[in-house]
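One structure is given below, encoded as structure tokens.
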Amino acid sequence: MINALPPATIMILGALPMIFLKGKTKGAWMLLLPILSFVNLLAIPEGSHWTFGFLGFEVVLAKVDRLSLIFGYIFHLVAFISNLYALHVEDRGQNVSGTIYAGAALGVTFAGDMFTLFVFWELLTISATFLILARRNKAAISAGARYFMIHVAGGLCLLAGIIIHVQTTGSAAFGYIGLDSLASYLIFIGVGVNCAWPFMHSWLVDSYPEATITGTIYLSAFTTKTAVYFLARAYPGTEALIWIGAGMAGFPIFYAVIENDLRRVLAYSLINQVGFMVVGIGIGTQLAVNGAIAHAFNDILFKGLLFMTMGAVMYRTGKIRATDLGGLYKSMPWTCTFCIVGAASISAFPLFSGFVSKSMVMEAAANGDMRFIWFILLFASAGVFHHAGIKIPFFAFFSHDAGIRCKEAPRHMLLAMGLTAFLCIFIGSFPQFLYKLLPYATDYNPYTPSHVIAQSQLLFFSAVAFTLLLLAGIYPAEMRSTNIDFDWTYRKGSRWFYNACDRLFNGINAFGDRVFMQELPKALARFARDPAASLQKHGVRLLAEATGDERPLAKRLADTEHRTKFAAYPIGGGVLLAVFFLGVLSLFYILF
């Protein structure tokens, strides 16, 4: 008998009272929930728990092992930090959505079967959408709608794969799947949407910067990391992931360098860092998977820290574009310091958290003789130092003085940023505490002289290159317009597609409307008024064309009328034609 609840229960159900709570009571409840949920998790032993039958399959609400536990730990930690950062928010929709979002991530992490996983997977989408819509402006509403539609499409792909997989294997258990069937490919693609793979990534840089200040902190932690967990559970050692991850690590650098919105820079940087994790899972060795999981753990912290510092800047100044900021180190020295810690961590400076995890993935690539992949990761490491390690703190807090004078961030924000910065430095200085939590035992030592010297050289020359480019005036300028990126396909391409369809199908519709709704009824009406005269008119025209008679139609009709003296019997002619057609139809029916 386990004296505990399923891992997601406390966070999800505990979010509902926030609808009625206010002020300090609500704040205390927000901080208490992750603590209670974490204590509950500690009471659950490893193994499968809360199992029952459903449609002939076994449903497992909690599958606890070392892989799920490390994600459970960091998800609880970041939920507490995010709630601490968001104490000032009185928007109940944000409070409830953020906490349910964290609970849904826990539900995915500990799901032992496909059905449970899918339910929490979709709950992630719904709660995240509300975090984006909570900003309540036109851009946020548009971004939230696109986010929801893209993730629903990915969810349908995942559901189709799950149904086929369950029918094929006869089991709903969530474990290793591999890439060897239609079902596995559908699941693979469905997860890829949440992981922000190349050509599927636009939703991330489109929606995260449009979310609320606190909503972005939640978003940066859960959606992509639950996808990384899924891949680590179901697709370790899948070679395709190596190349997908390499693409993720490389391409965002070029967009981030010219991006003006600093939260969009961080969104591109998030894709870059997830690329390292995907490569590690694709390599599939124990060192590589450990490196991917460790880097996911660290990325949640240092990326959250960077988003928090930019959120504090935005909260105090109302601005987030690089061209509008500068000189804020005078007004916000603590926020500036925490931003530098986050920048050093994401850039993998020695003694900071990124250094002790990113190196594991690169070491695994080197051990596997993947020279080209290793070079891409090296290039990506230098690039992330440029756009996140230097650009973010430089343009926000230094650069030119924009003349903005404001207050330092609120105390609870500083506490959240300070706690996260401490963890970044602590893990970087004492990595063995993190290594003990990893899925596989490891004796990896990141602080070898060769590794420290090589990484220091990379960072030094990257800094020199940035400085020289800036002084020479040839550093790429920030684009004041929106970088369209691959979402060109639905921002521009879909508009062209719509216009083409509009001309084609509406043209056919207009032609049909003109012929069948206007001209044909008019012709039939004219014919019905005087069938004999109509037949005479068309007969005369056909006869003239056959004989070559070039006289005007009116004169030919007058001459014909003079010779034949046709009489018009509109009613009788109509009845005669009706009887004739009925007779022909009856004869056809009898014969055939």
Side-chain angles (χ1 to χ4, degrees), residues 8 12 71 75 93-94 96-109 111 114-135 139-163 174 185-212 215-231 233-235 244 248 252 263-264 267-268 270-271 274 277-278 296 300 303 485-491 494:
I12 293 176
F71 278 92
F75 285 165
Q94 287 190 63
V96 173
S97 298
T99 307
I100 291 178
Y101 184 45
L106 289 170
V108 171
T109 302
M114 294 287 196
F115 300 132
T116 303
L117 182 143
F118 180 75
V119 170
F120 286 116
W121 192 268
E122 291 305 290
L123 187 57
L124 273 174
T125 295
I126 296 170
S127 51
T129 301
F130 279 105
L131 286 174
I132 300 167
L133 297 176
R135 197 173 176 187
I141 293 171
S142 299
R146 288 190 292 270
Y147 179 96
F148 183 77
M149 289 188 291
I150 291 171
H151 282 267
V152 166
L156 289 174
C157 189
L158 176 63
L159 178 60
I162 288 174
I163 293 173
F174 177 44
Y185 275 98
L186 288 172
I187 295 172
F188 194 65
I189 294 171
V191 177
V193 172
N194 277 30
C195 201
W197 288 351
F199 310 121
M200 301 180 186
H201 69 278
S202 297
W203 61 266
L204 195 154
V205 293
D206 180 38
S207 58
Y208 282 19
E210 300 301 338
T212 62
T216 306
I217 314 304
Y218 293 99
L219 292 169
S220 68
F222 296 117
T223 297
T224 53
K225 304 312 180 298
T226 52
V228 168
Y229 164 77
F230 193 118
L231 293 175
R233 174 75 70 187
Y235 294 96
I244 292 172
M248 293 178 69
R263 293 208 299 178
R264 284 178 67 91
Y268 279 114
L270 193 154
I271 299 173
V274 173
M277 306 167 206
V278 174
I300 289 173
K303 190 59 57 59
D485 195 0
F486 188 73
D487 54 358
W488 176 92
T489 54
Y490 57 80
R491 287 179 181 265
S494 60

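Remember, it's a predicted structure, so these values are computed and weren't measured experimentally. Residue numbers count from 1 along this sequence.
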message: Using only atom types and a distance under 3.5 Å, with no angle test, would you say the side chain of Ser220 pairs donor to acceptor with the backbone of Ile217?
response: yes
Heavy-atom side-chain proximity of Trp121 to Asn194 below 4.5 angstrom: yes
field: Check: Thr223/Tyr101 side-chain N/O donor and acceptor closer than 3.5 Å
entry: yes
task: Could you go through the side chain to side chain contact (heavy atoms under 4.5 Å, CB included) check for His151 and Thr129 one step at a time?
output: CA-CA 10 Å; His151 282 267; Thr129 301; over 6 Å; no
- prompt: Rounded to the nearest 0.5 Å, how far apart are CD1 of Ile132 and CD of Gln94?
  reply: 11.5 Å
query: Is the count of non-hydrogen atoms from other residues, nucleotides or ligands lying under 6.0 Å from Phe130 atom CZ greater than 12?
result: no
Leu158 CG to Ile189 CD1 distance, which is reported to the nearest 0.5 Å: 11.0 Å
statement: Output for pair (Thr109 OG1, Phe75 CZ), nearest 0.5 Å, gives 4.5 Å
message: Please give me the minimum heavy-atom distance between Phe71 and Val228, naming the atom from each residue.
response: CZ-CG1, 4.3 Å
- prompt: At their closest point, which heavy atom of Arg264 faces which heavy atom of Val205, and how far apart are they?
  reply: NH1-O, 2.7 Å
task: Could you grab the distance from atom CD of Glu122 to atom CG of Leu159, nearest 0.5 Å is fine?
output: 8.0 Å
- request: Mind listing the closest non-hydrogen atom pair of Thr216 and Ala211 along with its distance?
  value: OG1-CB, 3.6 Å
statement: dist Lys225:NZ -> Leu270:CG (nearest 0.5 Å) comes out at 4.5 Å
task: Give a yes or no on this: more than 12 heavy atoms of other residues, nucleotides or ligands lie within 6.0 Å of atom OH of Tyr235.
output: yes
query: Do you know the tightest heavy-atom contact between Ala105 and Phe222?
result: CB-CD2, 3.5 Å
task: Using the six-membered ring wherever Trp is involved, compare the ring planes of Phe230 and Phe174 and label them parallel, tilted or perpendicular (cut-offs 30° and 60°).
output: tilted
message: Using 0.5 Å steps for rounding, measure from the CG atom of Leu219 to the OH atom of Tyr147.
response: 6.0 Å
- line: Heavy-atom closest pair (Cys195 atom, Leu231 atom, distance to 0.1 Å) is SG-CD1, 3.9 Å
field: Trp203 and Tyr208 aromatic ring geometry - parallel, tilted or perpendicular at 30°/60° bounds
entry: perpendicular
- request: Would you name the heavy atoms of Phe118 and Gly155 that are closest together and state the gap between them?
  value: CE1-O, 3.3 Å
Partner of Leu204 under side-chain contact (heavy atoms from CB on, under 4.5 Å), chosen from Val274, Thr224, Ile150: Thr224
